[in-house]
Amino acid sequence: MESKLVQGQQAPPEYLPLPSLECIEVPKIFDWVLKTTQIVDESTVDSDCLPLPLSFRIEARVLDVNCEEKVGSTRENVVVTIGGRPVTLQRVVLRKFGTYEVTIINTGVTPNVIHCRFTKSFLRFEKVLLCAPPGTDIDCHIVPEATTIDVLDIVNNTFVNVDIVICQSIQVKATVKMMVEAELCQPRAEIPIPESPCVVTFPQQCPDVFPGAPYPFP
């Protein structure tokens with residue numbers, strides 16, 4: 001079999017076969033979308049927070065958000081027109097759930113102090129069109145950097161309304177076997193860790209004074 005030198009290798013050179021057809025098993029992405037979902041949620045002020053201060057402000061932060069295909073749901077086929085041609089996609093039901101934290105701060109005192117804090121869970125379902133044929137899995141990943149929460153208002157000092165914006169990376173995947181042209185991999189040469197040399201030093205001497213003449217010895 002013909003062989004060639006792999007570029008960049010250290011001596012002694014290693015030789016590998018030329019590219020050949022290889023069968024590999026990899027996750028294939030059938031579809032991938034970024035989707036933003038807005039959720040307006042209402043939470044009841046915890047009884048431990050009542051009565052509320054005369055002057056206060058409300059802050060909220062998302063603690064966790066998760067996304068998955070609804071268990072037991074059916075993917076319905078939907079025919080849409082793309083580029084003037086009919087394309088069959090699947091309507092997938094996604095389940096989003098998580099928790100957020102509400103903090104009520106007493107602004108009537110200096111410095112401001114936390115009056116109370118409580119958490120609230122939320123759950124929402126939504127449908128999205130994907131290329132998700134039978135045998136594929138839905139991988140819904142929340143992008144935390146793009147997920148936000150804002151306090152809208154408080155109603156009758158009883159209900160806190162928040163606006164949650166969730167950014168989702170939704171992929172449709174399945175493990176498939178593929179035939180590719182490839183070369184077999186080989187470990188690279190180890191790179192040694194630079195070390196400081198071990199050197200013995202002596203104090204500077206005065207040869208003109210000691211051992212003195214005659215030098216060199218007769």
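Since this is a predicted model, take the numbers as computed values, not measurements.
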Colleague: Using the rule that Ile, Leu, Val, Met, Phe, Trp and Tyr join whenever any side-chain heavy atoms are under 4.5 Å apart, tell me whether L54 and I105 fall into a single cluster.
Modeller: no
Colleague: What distance separates R95 CZ from E68 CD, expressed to the nearest 0.5 Å?
Modeller: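 Answer for the CZ-CD pair, R95 versus E68, is 5.0 Å.
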Colleague: Considering only Ile, Leu, Val, Met, Phe, Trp and Tyr, and joining two whenever side-chain heavy atoms are under 4.5 Å apart, list the other residues clustered with V93.
Modeller: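 Once heavy-atom contacts under 4.5 Å are chained together, V93 belongs with F97, L123, F125.
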Colleague: Pair R57, N112 - check side chain to side chain donor-acceptor pair (under 3.5 Å), show working.
Modeller: CA-CA 10 Å; R57 75 172 185 271; N112 299 163; 3.3 Å; yes
Colleague: Under 4.5 Å between side-chain heavy atoms, chaining through other members, with only Ile, Leu, Val, Met, Phe, Trp and Tyr counted: pull out the rest of the cluster around M179, sorted by chain and number.
Modeller: L21
Colleague: Look up atom CZ in R61 and atom OG1 in T119, then write down how far apart they are to the nearest 0.5 Å.
Modeller: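 The distance works out to 10.5 Å.
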Colleague: Determine whether V26 and T175 satisfy the following criterion, side-chain contact (heavy atoms from CB on, under 4.5 Å), listing intermediate values before the conclusion.
Modeller: CA-CA 6 Å; V26 295; T175 301; over 6 Å; no
Colleague: Quick one: list whatever passes side-chain hydrogen bond (donor to acceptor under 3.5 Å, both in side chains) with D150, sequence neighbours left out.
Modeller: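 With neighbours one apart ignored, the set is empty.
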Colleague: List, one per line, each side-chain donor-acceptor pair under 3.5 Å for residues 154-166, sequence neighbours excluded.
Modeller:
residue : atom : partner : partner atom : Å
T158    : OG1  : N156    : O            : 2.8
N161    : ND2  : D153    : OD1          : 2.8
D163    : OD1  : Q38     : NE2          : 2.9
D163    : OD2  : Q38     : NE2          : 2.9

Colleague: Tell me, please, which residues at least two apart from T44 pass side-chain hydrogen bond (donor to acceptor under 3.5 Å, both in side chains).
Modeller: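 Applying side-chain hydrogen bond (donor to acceptor under 3.5 Å, both in side chains) to T44 gives none.
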Colleague: Using disulfide bond (SG atoms under 2.5 Å apart) as the criterion, list what pairs up with C167, not counting sequence neighbours.
Modeller: none
Colleague: Please determine if R117 and D46 form a salt bridge, counting it only when a charged side-chain N lies under 4.0 Å from a carboxylate O.
Modeller: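 Judged by the 4.0 Å cut-off on N to carboxylate O distance, R117 and D46 do not form a salt bridge.
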Colleague: Got V71 and E69 here, is their nearest side-chain heavy-atom distance under 4.5 Å?
Modeller: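 No; the side chains remain at least 4.5 Å from each other.
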Colleague: For a quick check under 3.5 Å, do E22 and S20 share a side-chain donor-acceptor pair by atom type?
Modeller: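 A pair is found: one side chain offers a donor N or O, the other an acceptor, under 3.5 Å apart.
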Colleague: Connecting only ILVMFWY residues whose side-chain heavy atoms lie within less than 4.5 Å of each other, what is the rest of W32's hydrophobic cluster?
Modeller: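 Result for W32 is I29.
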Colleague: Report yes or no: do V45 and V151 belong to one cluster of Ile/Leu/Val/Met/Phe/Trp/Tyr joined by side chain heavy-atom distances under 4.5 Å?
Modeller: yes
Colleague: Can you name the one residue among T103, I104, N106 that meets side chain to side chain contact (heavy atoms under 4.5 Å, CB included) with C116?
Modeller: I104
Colleague: With a 3.5 Å cut-off and sequence neighbours excluded, list the donor-acceptor pairs that the side chains of residues 128-142 form with protein atoms.
Modeller:
residue : atom : partner : partner atom : Å
T136    : OG1  : R75     : NH1          : 2.9
T136    : OG1  : P133    : O            : 2.6
D139    : OD2  : K173    : NZ           : 3.2

Colleague: Taking atom CG of L52 and atom NE2 of H115, what is their separation to the nearest 0.5 Å?
Modeller: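 So the gap between those two atoms works out to 5.5 Å.
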Colleague: With rounding to the nearest 0.5 Å, note down the distance linking CG in D31 to CG in L89.
Modeller: 7.5 Å
Colleague: Side chain to side chain donor-acceptor pair (under 3.5 Å) between Q168 and T36: does it pass, once the steps are laid out?
Modeller: CA-CA 6 Å; Q168 310 155 85; T36 300; over 6 Å; no
Colleague: Are any of the side-chain nitrogens in E126 or K35 under 4.0 Å away from the carboxylate oxygens of its partner?
Modeller: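 Salt bridge: yes.
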Colleague: Considering only distance and modelled atom types, tabulate donor-acceptor pairs under 3.5 Å from the side chains of residues 77-85, sequence neighbours left out.
Modeller:
residue : atom : partner : partner atom : Å
N77     : OD1  : Q90     : NE2          : 3.0

Colleague: Any donor-acceptor pair under 3.5 Å linking the side-chain atoms of D41 with those of Y100?
Modeller: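 Present: a donor and an acceptor within the cut-off.
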Colleague: Under a 4.5 Å side-chain heavy-atom rule over Ile, Leu, Val, Met, Phe, Trp and Tyr, are F56 and V109 clustered together?
Modeller: no
Colleague: How long is the gap from NZ on K96 to SG on C67, to the nearest 0.5 Å?
Modeller: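 It is 4.5 Å, given to the nearest 0.5 Å.
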Colleague: Linking I/L/V/M/F/W/Y whenever their side-chain heavy atoms sit closer than 4.5 Å, directly or via other members, would V102 and V62 fall into one cluster?
Modeller: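 The answer is yes; both residues are in one hydrophobic cluster.
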Colleague: Same cluster or not: are F118 and F122 linked, directly or through other Ile, Leu, Val, Met, Phe, Trp or Tyr residues, by side-chain heavy atoms under 4.5 angstrom apart?
Modeller: yes
Colleague: For T107, what residues pass the side-chain hydrogen bond (donor to acceptor under 3.5 Å, both in side chains) criterion, not counting sequence neighbours?
Modeller: S55
Colleague: Step by step, work out the side-chain contact (heavy atoms from CB on, under 4.5 Å) result for L94 and K70.
Modeller: CA-CA 5 Å; L94 297 179; K70 180 183 178 183; over 6 Å; no
Colleague: Under the side-chain hydrogen bond (donor to acceptor under 3.5 Å, both in side chains) test, which residues partner E145, sequence neighbours left out?
Modeller: none
Colleague: Using a side-chain heavy atom cutoff under 4.5 Å and only I, L, V, M, F, W and Y, what cluster partners does L63 have?
Modeller: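 Via sub-4.5 Å side-chain contacts, L63 links to none.
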